[in-house]
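Working notes for the structure below.
Chain naming here is simple, since letters A, B, ... match the order of the sequence lines and numbering starts at 1 in each.
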There are 2 protein chains.
Amino acid sequence: MTRSKPRVLRTLEHAGGFASAQEVYKIMQREGESIGLTTVYRSLQSLVSDKIVDVLRRDDGEAIYRLCGEAHHHHLVCKNCGKTVEIEGGAIENWAKVMAQEHGFRDTGHIAEIFGTCSKC
Amino acid sequence: MTRSKPRVLRTLEHAGGFASAQEVYKIMQREGESIGLTTVYRSLQSLVSDKIVDVLRRDDGEAIYRLCGEAHHHHLVCKNCGKTVEIEGGAIENWAKVMAQEHGFRDTGHIAEIFGTCSKC
DNA sequence: ATGAAATTGACAATCGTTTTCACTTCTGCC
DNA sequence: GGCAGAAGTGAAAACGATTGTCAATTTCAT
């Protein structure tokens, strides 16, 4: 992808690194950028498979896209306001490795997310 | 609610304590139970506010309902053939609690899945 | 039994997301 | 430069989960 992806990425950065596809689209419209909703979705998906952004789910099921550094980390997400804290995996990393080995799995990865209600909500 | 809620609850139990609204509806249809999809949704929502069931989100955004009392466990999934092993959370449970507390989060839950390639693939 | 209130369910509407398809823009090759 | 074919784009339609509507049914207290 050539034209759209960088523009979508820039918009996501500008939005504080955290927005749904619909929101990114609306922002770009408001700023006068010419882009289709379909392309926003495709760009975001592409950015996800590039590991440039992360995708999570809000409580209502809407997907939210989030810029993410290359370091492996986990998330602590507020179900209510979407506030996200990046946290260390700590004991999990080893747990995942041991469990996988124990059952003969190779090339393993894992996801782990904690969700709840943050102090403000 | 009177007639439907217990039937939905029973179906959810029967399904292994873990299913989406659509799945519950399909199961009940198959078993010859007469119920509307709308009512399944309403019953599940009601069970959630009764704290009898939990609601999570699948990766694709579909809501899955889980019996609260159900033993909490995690999954080890083969990316290739889909084989799934239920595993214990072990160290994770505590990690999640500590992390959440540390950041002032309340009413927390977590999801953790390990994926990889199983010995056969 | 009876009327008010709660429950139910077929259907339509909504909303995020994906697919389709015709059109445009790139690309490498002559 | 021109030109095929591939890749990218976007409007509109399709899709699937969920929610709203509303008339019919059931429940419950009297």
Side-chain angles (χ1 to χ4, degrees), chain A residues 1-12 15-67 77-82 84 111 113 115, chain B residues 1-12 15-50 52-67 111:
Chain A
M1 284 200 183
T2 42
R3 231 151 10 94
S4 303
K5 225 162 104 173
R7 290 193 295 152
V8 168
L9 182 55
R10 196 146 17 87
T11 305
L12 192 57
F18 206 104
S20 72
Q22 303 277 347
E23 284 161 1
V24 168
Y25 176 65
K26 279 188 202 108
I27 291 170
M28 293 181 81
Q29 294 259 300
R30 200 182 312 134
E31 315 245 313
E33 297 239 29
S34 164
I35 196 169
L37 179 57
T38 313
T39 305
V40 172
Y41 273 103
R42 273 194 292 238
S43 299
L44 285 170
Q45 278 161 358
S46 173
L47 288 165
V48 168
S49 54
D50 290 351
K51 303 247 165 58
I52 296 172
V53 315
D54 245 4
V55 58
L56 301 176
R57 292 273 168 186
R58 267 202 207 123
D59 227 22
D60 64 355
E62 192 174 356
I64 45 183
Y65 299 86
R66 176 175 199 300
L67 277 174
V77 187
C78 177
K79 277 188 197 178
N80 192 52
C81 67
T84 302
I111 51 171
E113 307 239 326
F115 43 88
Chain B
M1 284 198 182
T2 44
R3 224 149 17 90
S4 303
K5 225 162 102 172
R7 290 194 293 151
V8 168
L9 183 54
R10 195 147 17 87
T11 306
L12 190 57
F18 211 104
S20 72
Q22 302 279 346
E23 284 161 3
V24 168
Y25 176 65
K26 280 190 200 106
I27 291 170
M28 294 181 81
Q29 293 259 301
R30 201 183 313 133
E31 315 246 312
E33 297 239 29
S34 165
I35 196 169
L37 179 57
T38 312
T39 305
V40 171
Y41 273 103
R42 272 192 295 237
S43 300
L44 286 170
Q45 278 160 0
S46 173
L47 288 165
V48 168
S49 54
D50 289 350
I52 295 173
V53 315
D54 247 4
V55 58
L56 300 177
R57 290 275 169 185
R58 268 205 203 120
D59 244 19
D60 65 355
E62 192 172 356
I64 47 183
Y65 298 85
R66 181 180 66 178
L67 277 176
I111 50 173

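Considering every non-hydrogen atom in both B:Ala15 and B:Ile27, the closest pair reads CB-CD1, 3.8 Å. Considering all non-hydrogen atoms of both residues, B:Ser20 and B:Glu62 come closest at OG-OE2, 2.9 Å. Residues B:Met28 and B:Val40 come closest through the heavy atom pair SD-CG2, 4.4 Å. A:Ala19 and A:Leu12 get closest at one heavy-atom pair: N-CD1, 3.8 Å. Closest approach of A:Gly36 to A:Tyr25, counting heavy atoms only: C-CE1, 3.8 Å. Of all the heavy atoms in A:Asp50 and A:Lys5, the pair that sits closest is OD2-NZ, 2.6 Å.
With axes fitted over five pairs at each extremity, the angle between the ends of the helix from C:dA1-D:dT30 to C:dC30-D:dG1 is 20° (10° resolution).
Computed from coordinates, the B:Ile35 CD1 to C:dC11 P distance equals 17 Å when rounded to whole Å. Atom pair A:Tyr25:OH and D:dT9:P shows a separation of 15 Å (rounding to whole Å applied).
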Show each protein N/O and nucleotides 13-17 of chain C N/O combination with a separation under 3.5 Å, one pair to a line.
unit_1 : atom_1 : unit_2  : atom_2 : d
C:dT17 : OP1    : A:Ala63 : N      : 2.8
C:dT17 : OP2    : A:Tyr41 : OH     : 2.7
C:dT17 : O5'    : A:Tyr41 : OH     : 3.2

Between the protein and nucleotides 20-29 of chain D, list every N/O to N/O distance that falls short of 3.5 Å.
unit_1 : atom_1 : unit_2  : atom_2 : d
D:dG20 : O6     : B:Thr38 : OG1    : 3.3

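Here the side chain of A:Thr39 pairs no donor or acceptor atom with the backbone of A:Ile35 at under 3.5 angstrom.
B:Arg66 and B:Asp54 are joined by a salt bridge, as a carboxylate oxygen and a charged side-chain nitrogen come within less than 4.0 angstrom of each other. Ion pairing between A:Glu33 and A:Arg7 holds under the 4.0 Å rule for side-chain N and carboxylate O.
B:Leu37 places a side-chain heavy atom less than 4.5 Å from the side chain of B:Gln22.
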